[in-house]
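Quick note: numbers below take in every heavy atom, side chains included, and nothing from hydrogens, waters or symmetry partners.
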Amino acid sequence: MTARAGWLAIGLLVALPSLGVGFFGDDLRAVLVLEGRVVGARWTDAVGGPPAAIDSTQGTLTPWWAEEEAVARPWRPLTAASLALDHAVYGRDARGYHLTNGLLFALAVLLAAACFRELARGRRGIAVLAALVFALDEAHATAIAQPTARHALLGGALALGAWLTRRRPWASLGLLAMALGASELAAPVALWIAIDARLRGRSLRAAAPALALGLGAPLLTAALGRGELAPLEAGGALWVRLPVLAGALLAPVRPERLLEAEGGGMLAMGCALLVVLFAALARPALREPGARFSALALAAHLPWLALGPPSSVSLFLASVPAAYLVAATVRVYARGGVEARVLAGALLAVHLVLAPALVLRTTSRMAERVAWQERAAASIPRLPGARVLLLTSPADVDADLPLRVLLESPRPAGVWLMSLSLESHGLWHPDAGSIALSGELLRRPIERGMRAAAPRVGEVSRRGALEVTIEEVAPTHVARVAIRVDGTTPERLWLLARDGDRYAPVALPEETGAVTLPRADERARAQP
């Protein structure tokens with residue numbers, strides 16, 4: 001009982017810094033949906049959802065440069081129900097949502113520790129070390145700190161329960177079904193059950209129902225246009241994306257840090273080398289049954305890592321077997337000579353010293369980003385019934401701002417964010433060296449719906465009442481556009497451009513309606 005309380009306490013301690021983060025990203029959309037302010041959306045759309053008008057007026061949640069249908073609709077009703085319950089209890093107090101995430105993470109740590117005890121078969125040191133490696137991994141920071149990313153926590157905890165109860169088929173199937181209702185990322189646990197059966201010399205017949213449920217459900221929802229699994233499209237990026245994600249599983253680093261870096265080819269080669277080196281180091285540990293199971297279970301996650309979003313959230317469940325492999329490898333080298341012990345100490349330092357520091361740094365930067373967004377939103381004039389168009393430079397795009405402004409009161413009639421970069425908003429307009437989309441392979445529905453071609457002169461884009469016509473294109477950005485908003489008088493249209501930490505009003509010329517986007521200086525680009 002004391003050990004269980006200890007693992008729960010460690011999970012809560014790791015999650016504690018996230019209480020001050022607030023809402024960001026999809027959290028803002030979820031609150032709008034749960035408040036009934038997204039027309040046509042139901043509570044089940046709180047986790048993802050269709051592009052829809054705000055307050056039945058004009059303006060959508062989709063950026064103006066994206067295709068209308070470019071929003072994925074993941075089917076995660078259990079996660080959506082948990083968010084709806086949080087909203088009923090806490091309203092807009094983000095701390096309550098973060099508390100729920102912290103409790104779910106603590107439960108996942110407790111269940112992972114139980115899995116490690118079973119895999120270790122009495123080797124207490126491996127089980128404890130594996131649980132610590134899992135609990136302190138920076139890859140979990142986003143899932144903990146973002147309420148809408150809790151699908152990984154909830155689905156992961158239920159999936160671990162399904163594996164722990166695998167000798168009771170009906171209980172295991174029920175928990176697996178609930179896990180898939182929380183997140184499609186739980187599907188590989190069905191393969192865990194089959195792998196365990198084969199390693200124990202048992203027939204796969206007993207694992208057949210779990211395999212049918214675990215593999216069939218996410219493929220069916222993907223075929224129906226729900227979920228985030230993407231079909232294979234063309235060669236080019238698998239050799240880039242997969243080594244990066246696999247490397248992130250073996251080191252306490254969020255893959256976003258790597259996916260946002262330049263020089264994709266060299267980075268992918270480095271991550272591939274890391275994976276090969278770790279495989280060579282872990283080979284002696286594979287004599288132990290738990291390590292063999294973990295290696296095969298980790299391999300079972302590779303298709304999901306390739307087909308799903310390239311983010312740390314997708315690694316949550318896969319990091320369970322990865323943590324056990326790290327612990328088993330450390331144990332092997334800790335019993336060797338001086339050089340082997342130095343290697344074991346280095347692995348321990350990376351996972352037990354560097355990882356917590358990275359978790360704190362990541363959580364702090366998330367909180368800083370939310371604080372900046374709140375300051376920027378507070379600087380925007382409030383005028384009931386107004387329509388707000390936010391102009392931002394290529395380096396400063398922040399798609400959360402329209403959602404944050406829409407949450408304010410008095411509410412505006414419509415809000416748009418306009419970035420005039422040729423490579424707007426990170427993954428959506430990647431360059432040739434992009435890690436995530438190089439070769440146009442394995443893209444999510446939201447990515448496949450983004451325009452691949454650069455904007456051109458004369459092109460017209462519409463979002464609700466907003467119409468944008470491109471008039472001039474510079475080498476790196478759209479330099480000049482003509483703006484028209486249907487049924488809006490000039491005094492009801494607020495045109496604001498980013499100026500450092502604020503948004504300053506921009507006059508819209510009455511003759512042409514054309515606007516030149518100001519370029520941000522280096523000081524303005526240094527936002528969190």
Give the C-alpha distance, both sets of side-chain angles, the deciding distance and a yes or no for side chain to side chain contact (heavy atoms under 4.5 Å, CB included) between Trp170 and Thr165. CA-CA 9 Å; Trp170 287 111; Thr165 58; over 6 Å; no
To the nearest 0.5 Å, how far apart are [atom1] in [X] and [atom2] in [Y]?
| X | Y | atom1 | atom2 | value |
| --- | --- | --- | --- | --- |
| Leu348 | Leu354 | CG | CG | 13.0 Å |
| Leu281 | Tyr333 | CG | OH | 4.5 Å |
| Leu136 | Ile10 | CG | CD1 | 7.5 Å |
| Leu13 | Leu16 | CG | CG | 6.5 Å |
| Asp27 | His98 | CG | NE2 | 6.5 Å |
| Leu111 | Arg4 | CG | CZ | 10.0 Å |

Would you say the side-chain atoms of Arg341 pair up with the backbone N or O of Gly336, donor to acceptor, closer than 3.5 Å? yes
Please confirm whether the backbone N or O of Ala143 pairs with a side-chain atom of Asn101, one donor and one acceptor, at under 3.5 Å?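 Side chain of Asn101 to backbone of Ala143: a pair is present.
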Is there a side-chain contact between [X] and [Y] in this structure, where contact means two heavy atoms from C-beta onward sitting under 4.5 Å apart?
| X | Y | answer |
| --- | --- | --- |
| Val109 | Leu8 | no |
| Asp137 | Phe316 | no |
| Ile126 | Val330 | no |
| Glu138 | Arg361 | no |
| Ser319 | Phe134 | yes |
| Phe105 | Leu110 | no |
| Leu352 | Leu129 | yes |
| Leu78 | Leu158 | yes |

If you draw a 6.0 Å radius around CZ in Arg205, do more than 12 non-hydrogen atoms from other residues or ligands fall strictly inside? no
So Thr142 and Met366, side chain to side chain contact (heavy atoms under 4.5 Å, CB included) or not? Walk me through it. CA-CA 9 Å; Thr142 300; Met366 289 178 180; 3.4 Å; yes
Mind checking side-chain hydrogen bond (donor to acceptor under 3.5 Å, both in side chains) for Ser172 and listing every partner two or more places apart, or none if nothing turns up? none
My understanding is that only residues two or more places apart in sequence, or in another chain, count here; which of them pass side-chain hydrogen bond (donor to acceptor under 3.5 Å, both in side chains) with Asp86?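 Per chain and number, Asp86 pairs via side-chain hydrogen bond (donor to acceptor under 3.5 Å, both in side chains) with Thr100, Arg150.
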Indicate the atoms forming the closest heavy-atom contact of [X] with [Y], along with that distance.
| X | Y | value |
| --- | --- | --- |
| Leu180 | Ala217 | CD1-CB, 3.9 Å |
| Ala323 | Ala130 | CB-O, 3.5 Å |
| Ala145 | Phe24 | O-CE2, 3.7 Å |
| Ile144 | Ser18 | CG2-OG, 3.7 Å |
| Ala179 | Ala186 | CB-CB, 3.6 Å |
| Ala194 | Leu204 | O-CD2, 3.5 Å |

Quick test of your reading: applying ring-ring contact (aromatic ring centres under 6.0 Å, His included), list the pairs with at least one residue in residues 267-287, sequence neighbours left out, ordered by first then second residue. none
Side chain to side chain contact (heavy atoms under 4.5 Å, CB included) between Phe116 and Val320, intermediate numbers included: CA-CA 9 Å; Phe116 297 141; Val320 173; 3.7 Å; yes
Sequence neighbours left out, what pairs pass side chain to side chain donor-acceptor pair (under 3.5 Å) with at least one residue falling in residues 281-300? Glu288-Tyr324
How would you list all residue pairs meeting side chain to side chain donor-acceptor pair (under 3.5 Å) that involve residues 185-203, not counting sequence neighbours? Arg166-Asp196, Trp192-His301, Asp196-Arg200
Cut-off 3.5 Å, side chains only: do His151 and Ser183 have a donor facing an acceptor?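 Yes, a side-chain donor-acceptor pair sits under 3.5 Å.
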Mind telling me whether Tyr90 and Tyr97 have parallel, tilted or perpendicular rings, with 30° and 60° as the class edges? tilted
Set of salt bridge (charged side-chain N to carboxylate O under 4.0 Å, His left out) partners for Arg331, sequence neighbours left out: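 Salt bridge (charged side-chain N to carboxylate O under 4.0 Å, His left out) check on Arg331 returns nothing, list empty.
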Give the C-alpha distance, both sets of side-chain angles, the deciding distance and a yes or no for side chain to side chain contact (heavy atoms under 4.5 Å, CB included) between Leu154 and Thr79. CA-CA 7 Å; Leu154 183 56; Thr79 301; 4.1 Å; yes
